[in-house]
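See below for the structure under consideration.
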Amino acid sequence: MRPSLRRHCGRLLVPVLAATLFVGTAAAHGGSLGAGSRESIRIPTWLFLLTGGGAVGASFLLSSFVTDRLFIQEFHGWGRDAVVPARRLLVVLGHLAGLAGLAAIVGIGLFGPDAALANLGLLLVWVGWWAGFTMTTYLVGNSWPVLNPFRTIATALPTLDRDYPDRFGAWPSVVGLLALIWLEVVSPLADDPRLLATTILGYAAVTLAGAFVFGPDQWFADADPVARVFRYYGRVAPLTRDDDTGRLRLRLPGSALTDARLVDGLDEVAFVVALVWVTTYDGLVATPLWRGFATWIVGVGVPPAVLYPAALVAGYLTFFGAYWLAARGARRLAGSYVSTRVLAQRFAPPLLAIAAGYHLAHYLEYFLSLAPAALAVAPTPLAGPATGEVPVGVVPGWFGALNLTFVLLGHLLAIWVAHAAAFDRFPGRLQAIRSQYTFTLVMICYTMTSLWIVSQPSVTPPFL
């Protein structure tokens, strides 16, 4: 890497967000972990969305001026081997921490307090794991293979070690991810500790059965949706695992997304699009627009049990269809003989930056707000807080603008990664730039959708 670029990338500023929190209290029975706290923006929505979409479009125009292939390759190829002292000891401690966490979540979920905010097991899952830990996978690196308690258990058990059918590919993980998000939305998993613990035990049974038949390596590499989510998120992070040497490498954030082998097959493209869609769906059903639409649909006779899964599938097909059309348009505009499928595979990894940015915007405020509750109930996990009240963090009003910034940063990173992928795929400069037109258009649509959801006040989804 060039010295000036190295110095520039080394000047990172880590803001201290904890100092911005004010801690209040909430009744132990007066709150749901599924409830959000977004407030609507005070500027015209159309102006806000056009500004966000225009920022993504402008970033594409700016990146188009960077046509030096050597610079692009040097930028994304920079890396250093990360030295991890006492690595084996850390792995063992990670295994033990994962097993202890699983035991605590299930045990406290089954035998702890009924109130959502007072149950440490429930807080560990949604605040500590799905919000906090997930953020570390794309901000730092993916440590789930070490912490994953199901894999630790499966590795210690015997296995039939049958060959995983190639025709299955990543499709089980696509279906599994959509099913998990649907279950999270339509059921009181964020409110009912008993139901959450029972669901985790059911998931463990399915996972261990699959690992028993196909072996842990094949199951968690191909079929398990959670492992695939964290593995893909980990490619956004600066700390990644080198596929050839197995060593940990320190790279610039998002650089690993340009690796051509990251997405290999239409099934993996489908999973990447699903990951973008489920984060959108999770926020969409908590908007006033969805509440009005769902009320009208149910009013004309459509059962809620049909509405929610139908919207999940229809939205996913819309997202996937838009992306597929973008791949076809890229092939036509670039005048390439490369198939639409190959282009869809090559340009899918940048979408992971979009998913990471939206997850951060959706869950950072959630994590900071409820982390004090988890710390308060930790000393007495089975009895709950002695006073009957649980502290809840209150973020300042300007935090909403920070959430919007996270969405934009994810999309801007996606634009740059797509630019690098185009120059890696096509030999001609003009051809590489033209291939990005339709993908940029789809990203602008994704951006405006995500920004609109983040800008809306959060409400409880109706009929659930």
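Owing to the predicted nature of the structure, the values given are computational and were not obtained by experimental measurement.
Between the side chain of Arg251 and the backbone N or O of Leu239 there is no donor-acceptor pair closer than 3.5 Å. Under a 3.5 Å cut-off, the side chain of Gln218 and the backbone N or O of Arg162 do form a donor-acceptor pair. No side-chain donor-acceptor contact under 3.5 Å links Asn119 to the backbone of Asp114. With hydrogens and angles ignored, the 3.5 Å screen pairs no side-chain donor or acceptor of Thr137 with any backbone N or O of Asn142. Side-chain atoms of Thr159 come within 3.5 Å of backbone N or O of Ala211 as a donor-acceptor pair.
Leu312 is not listed as a side-chain neighbour of Val185, based on a closest heavy-atom distance of 4.5 Å or more. Thr152 has its side chain out of reach of Asn148: every pair of non-hydrogen atoms, C-beta onward, lies at least 4.5 Å apart. Two residues are said to be in side-chain contact when any heavy atoms from C-beta on lie closer than 4.5 Å; Val272 and Tyr232 meet this criterion. At a threshold of 4.5 Å between non-hydrogen side-chain atoms, the residues Leu370 and Leu117 count as touching. Side chains of Val174 and Glu268 form no contact here, defined as non-hydrogen atoms less than 4.5 Å apart. Between Leu178 and Val313, every side-chain heavy-atom pair lies at or beyond the 4.5 Å cut-off. Taking the side chain as every heavy atom from C-beta outward, Trp126 and Leu189 approach each other to under 4.5 Å. Inter-residue side-chain proximity for Trp130 and Val125 is flagged as unmet; no heavy-atom pair is nearer than 4.5 Å.
For Asp224 and Tyr203, the side-chain atoms include at least one donor-acceptor pair closer than 3.5 Å. A donor-acceptor contact closer than 3.5 angstrom links the side chains of Arg228 and Ser173.
Aromatic ring orientation, Tyr164 versus Phe168: perpendicular (interplanar angle above 60°, classes split at 30° and 60°). Relative ring orientation between Trp324 and Phe320 is described as parallel, the plane-to-plane angle staying below 30° on a 0-90° scale split at 30° and 60°.
Other residues, nucleotides and ligands contribute at most 12 non-hydrogen atoms within 6.0 Å of the CZ atom of Arg328.
One distance of note links CD1 of Ile108 with CG of Leu120; it measures 4.5 Å at 0.5 Å rounding.
Between Tyr308 and Trp290, the distance separating the two ring centers is shorter than 6.0 angstrom. Phe439 has its ring centre less than 6.0 Å from the ring centre of Tyr323.
Shown are Leu96, Thr207, Ile105, Leu102; of these, the side chain to side chain contact (heavy atoms under 4.5 Å, CB included) with Pro149 is made only by Leu102. Checking Asp259, Thr240, Thr258 one by one against Arg235, the side chain to side chain donor-acceptor pair (under 3.5 Å) holds for a single residue, Asp259.
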Using the ring-ring contact (aromatic ring centres under 6.0 Å, His included) rule, take Tyr358 and Tyr446 through it: C-alpha gap first, then chi angles, then the decisive distance, then the call.
CA-CA 10 Å; Tyr358 185 67; Tyr446 287 171; over 10 Å; no
